[in-house]
Novice: 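Handing you this structure, nothing more for now.
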Amino acid sequence: MLWVKAFHIVFVASWFAGLFYLPRIFVNLAMVAPDSVAERERLLLMAHKLMRFTTLLAVPAVALGVWLWWGYGIGWGPGNGWMHAKLLVVALVLGYHHACRLLLRQWLAGVNQRSHVWFRWFNEVPVLLLLLAVVLVVVKPF
């Protein structure tokens, strides 16, 4: 079980690294001057590659988490309300990941309407979600 847990942590940390950086690329894209085509294309290529890589990291992160939950029974039984809250956080992280994919599609289609300030705030969401997940798992408040 410790091997599964160790790899789960590594893949979750790597997944979140991508979720931290991808919206930062969106911030930079929103600040690109309209006549700077090369810079825009370079940032879009970076974002597209990072999105693919981040998605590849999310799959084993979630799969290993499910293995720990169902396979080893972590979070089952009375006194494990923290696990229900953590599963909600995981669902929110998956939703955030999907939102990043949709935003990237908008960028690729050239129809983004959001400012760099909006993306700066959007960039803070995964930090809060990671903080919440870690507190739930370590502290197990309920």
Side-chain angles (χ1 to χ4, degrees), residues 1-33 36-142:
M1 174 180 72
L2 293 179
W3 283 100
V4 176
K5 191 181 287 188
F7 281 107
H8 174 62
I9 292 168
V10 167
F11 280 107
V12 167
S14 301
W15 178 23
F16 268 91
L19 292 178
F20 292 155
Y21 193 65
L22 185 62
R24 187 66 209 169
I25 295 174
F26 295 159
V27 170
N28 292 333
L29 274 165
M31 296 174 63
V32 169
S36 188
V37 176
E39 183 179 5
R40 181 183 181 281
E41 292 303 316
R42 181 178 50 81
L43 288 169
L44 283 174
L45 179 63
M46 289 171 56
H48 181 69
K49 287 182 176 185
L50 183 58
M51 185 75 232
R52 278 196 342 233
F53 188 62
T54 302
T55 300
L56 289 174
L57 293 167
V59 171
V62 172
L64 291 167
V66 169
W67 188 356
L68 288 168
W69 183 43
W70 281 343
Y72 292 107
I74 292 177
W76 289 90
N80 286 302
W82 64 270
M83 180 56 86
H84 298 286
K86 182 188 174 234
L87 292 173
L88 174 62
V89 171
V90 171
L92 292 172
V93 172
L94 288 167
Y96 184 85
H97 187 116
H98 183 67
C100 286
R101 178 179 307 283
L102 295 176
L103 289 167
L104 178 57
R105 286 184 185 160
Q106 289 178 359
W107 278 110
L108 291 169
V111 294
N112 173 59
Q113 300 296 318
R114 293 179 173 87
S115 71
H116 69 93
V117 174
W118 187 90
F119 284 109
R120 287 177 196 277
W121 284 103
F122 182 74
N123 191 38
E124 300 305 320
V125 172
V127 175
L128 299 174
L129 292 173
L130 180 61
L131 175 66
L132 189 54
V134 168
V135 167
L136 288 168
V137 171
V138 173
V139 177
K140 296 178 177 56
F142 43 86

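Quantities reported herein were computed from a predicted structural model and do not represent experimental measurements. Computed from heavy atoms alone, side chains included, the values below leave out hydrogens, waters and symmetry copies.
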Novice: Could you go step by step and tell me if L130 and F20 meet the side-chain contact (heavy atoms from CB on, under 4.5 Å) rule?
Specialist: CA-CA 10 Å; L130 180 61; F20 292 155; 3.8 Å; yes
Novice: Once side-chain contact (heavy atoms from CB on, under 4.5 Å) is applied, do any residues pair with H48, and if so which ones, sequence neighbours excluded?
Specialist: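 Result, side-chain contact (heavy atoms from CB on, under 4.5 Å) vs H48: R52, L104, L108.
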Novice: Could you pull out the closest heavy-atom pair between L68 and M1, with the gap in Å?
Specialist: CD2-CG, 4.0 Å
Novice: For residues F122 and C100, report the shortest heavy-atom separation together with the two atoms involved.
Specialist: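 Closest pair (atom of F122, atom of C100, distance): CE2-SG, 3.8 Å.
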Novice: Are N112 and F119 close enough, and set up right, to give a side-chain contact (heavy atoms from CB on, under 4.5 Å), and what steps lead you there?
Specialist: CA-CA 11 Å; N112 173 59; F119 284 109; 3.5 Å; yes
Novice: Would you mind reporting whether L45 and E41 have side-chain heavy atoms less than 4.5 Å apart?
Specialist: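 No, side chains not in contact.
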Novice: How close do F16 and P126 get, heavy atom to heavy atom, and via which atoms?
Specialist: CE2-O, 3.4 Å
Novice: Are F7 and W67, when compared by the centres of their aromatic rings, separated by less than 6.0 Å?
Specialist: no
Novice: Would you list the pairs meeting side chain to side chain donor-acceptor pair (under 3.5 Å) in which at least one residue belongs to residues 76-89, sequence neighbours left out?
Specialist: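 Every side chain to side chain donor-acceptor pair (under 3.5 Å) pair that includes a residue of residues 76-89, provided the two are not neighbours, is N80-W82.
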Novice: List the steps, then state whether side-chain contact (heavy atoms from CB on, under 4.5 Å) holds for R40 with V37.
Specialist: CA-CA 5 Å; R40 181 183 181 281; V37 176; 5.7 Å; no
Novice: Considering non-hydrogen atoms only, spot the tightest contact between A47 and L22 and give its length.
Specialist: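 Reported closest heavy-atom pair: O-CD1, 3.5 Å.
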Novice: State whether the number of non-hydrogen atoms from other residues, nucleotides or ligands found under 6.0 Å of K140 atom NZ is greater than 12.
Specialist: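 More than 12 heavy atoms, drawn from other residues, nucleotides or ligands, come within 6.0 Å of this atom.
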Novice: Checking the side chain of K49 only, and the main-chain atoms of M46 only, is there a donor and an acceptor separated by less than 3.5 Å?
Specialist: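 Answer holds: no.
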Novice: Name all residues meeting the side-chain hydrogen bond (donor to acceptor under 3.5 Å, both in side chains) criterion together with H97; count only those two or more places apart in sequence or in a different chain, and write none if there are none.
Specialist: W15, T55
Novice: Working to the nearest 0.5 Å, report the span between NE2 of H116 and CG of L29.
Specialist: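 Answer rounded to 0.5 Å: 13.0 Å.
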Novice: May I ask you to test the L102-Q106 pair for a side-chain heavy-atom distance under 4.5 Å?
Specialist: no
Novice: Please report the closest heavy-atom contact between R114 and L103, naming both atoms and the distance.
Specialist: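 Shortest heavy-atom contact: NH1-CD2, 3.4 Å.
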Novice: How far apart are the closest heavy atoms of V89 and L129, and which atoms are they?
Specialist: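 For V89 and L129, the tightest heavy-atom pair comes out as CG1-O, 3.5 Å.
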Novice: Below 4.5 Å, heavy atoms only, C-beta onward: do F26 and N123 meet side chain to side chain?
Specialist: no
